[in-house]
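Reviewing the structure listed below.
This structure is a prediction, so every number in the text was calculated from the model and none was measured. When a ligand or atom number is given, it counts from 1 through the structure's own listing order. Residues: numbered from 1 along the sequence shown.
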Amino acid sequence: MTADQQQEKMALTRRRLLQAGGFGAALGMPIPFLNNLPRGLIPVALAQGDKGALSQKPGLTLLSDRPLNMETPPHLLSDAVTPGARMFVRNNGLAPTLTSDDIKNWRLTIDGEVAAPLTLSIDDLRRDFETVTLRLQIECAGNGRRFVKPGARGNQWTFGAISCAEWTGVRLRDILARAGLKDNAVYSAHYGADTHLSGDPDKFPLSRGLPITKALEPHTIIAHSMNGGNIPDLNGHPLRLVASGWPGSCSQKWLNRIEIRDRVHDGAKMTGQSYRVPAYPVAPGTPVPDEDMEIIQSMPVKSLITAPQTGARVTADDGIRVQGHAWAGDNAVDKVEVSIDFGTSWQPTRLQAPSNRFAWQQWNADIAFPQAGYFEIWARATDDLGRTQPATTPGWNPRGYLNNMQHRIAVFAL
Ligand SMILES: Nc1nc2c(c(=O)[nH]1)N[C@H]1C(S)=C(S)[C@@H](COP(=O)(O)O)O[C@H]1N2
Ligand SMILES: [Mo]
């Protein structure tokens, strides 16, 4: 069959299913063969149906339904602690459908270059290791890809592939201490219970890892809870790794195995062009050979304007309060400034200290407009090494990662 014929056949199947009463009636029932359905069929219905992803996350923007990817509009990210319902979703494969038994019997295996491999239940984690609660930001390395030119394939994230929730769990380093790292341990390899889009059980949609130094960082945790309750299903319930400040892909969801390796991990989306950028600056659009690509580590400094909402009508005389967050990968944010004259002049904002390292930082400023009319508000953050967000897209790379250009919103001063 040619691709055209295949597409035609799929469209036909879809039409017939819709005519037959569709899946709407079936929603709410378990659909055991969900993972085997043809591309594009069920997930749309699920995303839009009552039990669907959008009803779990009202107001989020659906970027793709198979795999499921949703981002959060900036004005819905105003909370210092992101609620589950407003946490973006980035899936590389199909989220697992878990029964309560699956969750009760969940096991985390620690193996590879360790003295004593471990198999731990979630109760073991809660009981045998010190519990920590931290606010940790998670940002997809592709956040901002939409604005990169020439464009890159992949989810066209704008600004909303970022969250900062309060995670509770145990330090990965405490678990690794229990297992006993061998001298040749250099990298971790993470595995989750989601399935590959092809349905092939031998393939993983994503399996990334960390250099052992980042794995041993005291803020790298295995979380069983979020915001005082369960982790949302789409964000990794019942167990996930949180390695804040690095590409979100390092924070494996539905975590069930960490292998310690004596070399850099080569799992799904560790190699080739995935989550990698050129080792040297390249002109936009230049193909870069795989061997010249480097694994992304700390994410760059960035900020977000969460209020007002872009397009808001405000009063010129009284001025307004502008607010948002800023974060800087492994670093801290030193200052955030705002401009209402297209970057000609900048004014300082009040910036709060992070509640802990790797938490995003809140900032706000009171702005007065010199006259009525159209204004843009731009924000730029600077990290503690003096690095500031660029006004336009920074160093081009083939997959459109690490775009930390300034966030801009528009307001009408009346
Ligand atoms: N098991 C698993 N973990 C995963 C992914 C995935 O596809 N499967 N996606 C990763 C990517 S690319 C990102 S950006 C974050 C997003 O976390 P969130 O969906 O909870 O917002 O999860 C990461 N962890
Ligand atoms: Mo990501």
Can P205 be said to touch ligand 1, with heavy atoms closer than 4.0 Å? no
Distance-only donor-acceptor check, side chains N69 and W157, under 3.5 Å: no
Checking heavy atoms under 4.0 Å, the part of L206 that sits near ligand 1 is side chain
Hydrogens and angles aside, do K57 and N235 bring a side-chain donor and acceptor to less than 3.5 Å of each other? yes
Considering only protein heavy atoms, which is closest to atom 21 (O) of ligand 1, and at what distance to one decimal place? F88 O, 2.6 Å
Taking NZ, NE, NH1 and NH2 as the nitrogens, is one of them in R357 or E217 under 4.0 Å from a carboxylate oxygen of the other? yes
Identify the closest protein heavy atom to atom 24 (N) of ligand 1: which residue and atom is it, and at what distance? S251 O, 2.9 Å
Atom 8 (N) of ligand 1 sits nearest the protein heavy atom D194 OD2, 2.6 Å
If the cut-off is 4.0 Å to any non-hydrogen atom of C140, which atoms of ligand 1 fall inside it? 14 (S)
Taking both backbone and side-chain atoms of S249, is any N or O found less than 3.5 Å from an N or O belonging to ligand 1? no
Atom 7 (O) of ligand 1: the protein heavy-atom neighbour that sits closest, reported with distance to 0.1 Å: N92 N, 2.7 Å
Spell out, as yes or no, whether a donor-acceptor pair under 3.5 Å connects the side chain of D383 to the backbone of L385. yes
Side chain D384, main chain D334, donor-acceptor under 3.5 Å: no
Protein heavy-atom partner closest to atom 3 (N) of ligand 1 - residue, atom, separation in Å: K253 N, 2.8 Å
Tell me if a side-chain donor or acceptor on R126 pairs with a main-chain N or O of V170 at a distance below 3.5 Å. no
For atom 23 (C) of ligand 1, what's the nearest protein heavy atom and its distance? G248 O, 3.2 Å
Does this structure show an ion pair linking E294 with R276, if we count only N-O contacts that are shorter than 4.0 Å? no
Looking at the rings of F342 and F375, which for Trp means the six-membered one, are their centres under 6.0 Å apart? no
Give the atom numbers and elements of ligand 1 that come within less than 4.0 Å of a heavy atom of V89. 19 (O)
Considering only heavy atoms, which of M87, Q252, R240 lies nearest to atom 22 (O) of ligand 1? R240
Ignoring angles and geometry beyond distance, decide whether Y275 reaches within less than 3.5 Å of ligand 1 through its nitrogen or oxygen atoms. no
Between the candidates M226, M70, R90, which shows the shortest non-hydrogen contact distance to atom 9 (N) of ligand 1? R90
For the student: nearest non-hydrogen atoms of W246 and I296, plus distance: CE3-O, 4.4 Å
Identify, by atom number and element, the atoms of ligand 1 in contact range of N91, meaning under 4.0 Å from any of its heavy atoms. 7 (O)
At a non-hydrogen distance cut-off of under 4.0 Å, which region of E139 contacts ligand 1 (side chain, backbone, both, or neither)? neither
Please classify the P67 to ligand 1 contact at 4.0 Å (heavy-atom distances, strictly less than): side chain, backbone, both or neither. neither
Can a non-hydrogen atom of R208 be found less than 4.0 Å from any atom of ligand 1? no
Using ring centroids (six-membered ring only for Trp), state whether Y187 and H265 fall under 6.0 Å. no
Check for me whether R399 meets the cation-pi criterion with Y275, that is, NZ or CZ under 6.0 Å from the six-membered ring centre and within 45 degrees of the ring axis. no
